[in-house]
Amino acid sequence: MKRRTGEGPLEWDGRKVYTGADLEELTDAVDDPEHVENPEHYRRRLRHGIALVLVLLLVVAMGVAGYLVLTKRLDLSWPQPGSDAAAAPSEPACPPGERQYLDPAGVTVDVYNATSRPGLAEGTRAQLVDRGFRPGVLGNDSLPSRGMVGLVVSGPEGYDAALTVQRQLPGAAYERDDDMAGVTVRLVLGESFQELQPAAEVSTEPGPLVCR
């Protein structure tokens, strides 16, 4: 039996009967974006939660990367174009293998004086010219050590020419200079230099360059 008690809801046999007004009220509640049972509300909260997790992961990753960089466990540097790291491996400072003794007539020698003895470079160059070498420039220079006999310098193309000159000065060391081209050799005379190897005792056999 349908009855209404006071201002309460309409009932039928003890069960609540929903009227049009009741249904409209429920619809308005579901459409409310702040209603806990609204699907759009859940989706918005889910998006906010995902965004928060991503931000936290990013912060953690940056913190870990910073720690690894500070402890030098992670190198973030990039080689610049033209730098040594980006360039192809260069030749070793002391060229390996045997070199050939050349005809001195094809070798030009620049002679430099790294001592306090005047005229040393000029006199030595004259002796080398007597042995068939082509005369190069004269000048003064310095050596890494005052106790050196001398330094024989050439570019990669002048390894054989450098061996030919080095054989004239026992005890002289070899050094490569990549800026030098051709078979021109730079000879720097040091304080321990006394005289050239006697021409008759100069070995013309192939052999390695002697580096310092």
Side-chain angles (χ1 to χ4, degrees), residues 72 74-212:
K72 298 183 178 180
L74 180 64
D75 184 8
L76 297 180
S77 61
W78 292 89
Q80 299 296 323
S83 66
D84 293 341
S90 60
E91 295 186 34
C94 190
E98 292 191 338
R99 303 298 162 183
Q100 301 296 318
Y101 188 94
L102 302 179
D103 180 356
V107 180
T108 300
V109 185
D110 299 334
V111 185
Y112 294 84
N113 187 358
T115 76
S116 58
R117 288 175 279 173
L120 182 63
E122 184 177 3
T124 302
R125 186 183 68 170
Q127 295 180 51
L128 292 171
V129 170
D130 289 343
R131 297 186 182 194
F133 289 93
R134 300 173 60 181
V137 301
L138 293 172
N140 296 317
D141 205 340
S142 60
L143 289 172
S145 173
R146 291 181 57 84
M148 296 181 67
V149 172
L151 194 63
V152 178
V153 185
S154 77
E157 299 175 4
Y159 290 154
D160 292 340
L163 174 72
T164 306
V165 174
Q166 191 176 48
R167 290 286 175 83
Q168 316 300 316
L169 289 84
Y174 173 78
E175 183 175 276
R176 190 185 76 232
D177 184 348
D178 292 333
D179 293 332
M180 294 184 63
V183 293
T184 297
V185 176
R186 183 166 69 244
L187 173 61
V188 185
L189 302 173
E191 291 289 351
S192 296
F193 171 72
Q194 298 300 323
E195 60 182 3
L196 296 177
Q197 178 86 340
E201 299 178 12
V202 173
S203 172
T204 59
E205 296 297 320
L209 286 163
V210 179
C211 303
R212 62 186 179 94

All side-chain hydrogen bond (donor to acceptor under 3.5 Å, both in side chains) counterparts of [X], not counting sequence neighbours:
X	answer
Arg117	none
Arg131	Gln168
Asp110	none
Asp177	Arg186

Quiz item: Can you check whether Leu151 reaches Tyr112 side chain to side chain, under 4.5 Å on heavy atoms?
Solution: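 With C-beta onward as the side chain, the pair stays apart.
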Gap between atom [atom2] of [Y] and atom [atom1] of [X] - 0.5 Å precision:
X	Y	atom1	atom2	value
Leu187	Ser154	CG	OG	12.0 Å
Glu175	Leu209	CD	CG	12.5 Å
Leu163	Leu102	CG	CG	8.0 Å

Once disulfide bond (SG atoms under 2.5 Å apart) is applied, what residue pairs with a partner in [range] remain, sequence neighbours excluded?
range	result
residues 133-205	none
residues 133-171	none
residues 110-210	none
residues 114-202	none

Kindly list each side-chain donor-acceptor pair under 3.5 angstrom involving residues 118-130, sequence neighbours excluded, with atom names and distances?
unit_1 : atom_1 : unit_2 : atom_2 : d
Thr124 : OG1    : Leu120 : O      : 2.8
Arg125 : NH1    : Gly136 : O      : 2.5

Which atoms form the tightest heavy-atom contact between [X] and [Y], and what is the distance?
X	Y	result
Tyr174	Gln166	N-NE2, 3.5 Å
Pro104	Tyr101	CG-OH, 4.3 Å
Ser142	Val188	O-CG1, 4.2 Å

Side-chain donor-acceptor pairs under 3.5 Å in residues 189-206, sequence neighbours left out?
unit_1 : atom_1 : unit_2 : atom_2 : d
Ser192 : OG     : Gly147 : O      : 2.6
Ser203 : OG     : Arg167 : NH1    : 3.4
Ser203 : OG     : Glu205 : N      : 3.3

Quiz item: What residues form a side chain to side chain contact (heavy atoms under 4.5 Å, CB included) with Cys94, not counting sequence neighbours?
Solution: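 For Cys94, the residues satisfying side chain to side chain contact (heavy atoms under 4.5 Å, CB included) (neighbours in sequence not counted) are Cys211.
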Quiz item: Considering residues at least two apart in sequence or located in another chain, which fulfil the side chain to side chain contact (heavy atoms under 4.5 Å, CB included) criterion with Pro144?
Solution: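 By the side chain to side chain contact (heavy atoms under 4.5 Å, CB included) rule, Pro144 matches Met148, Arg212.
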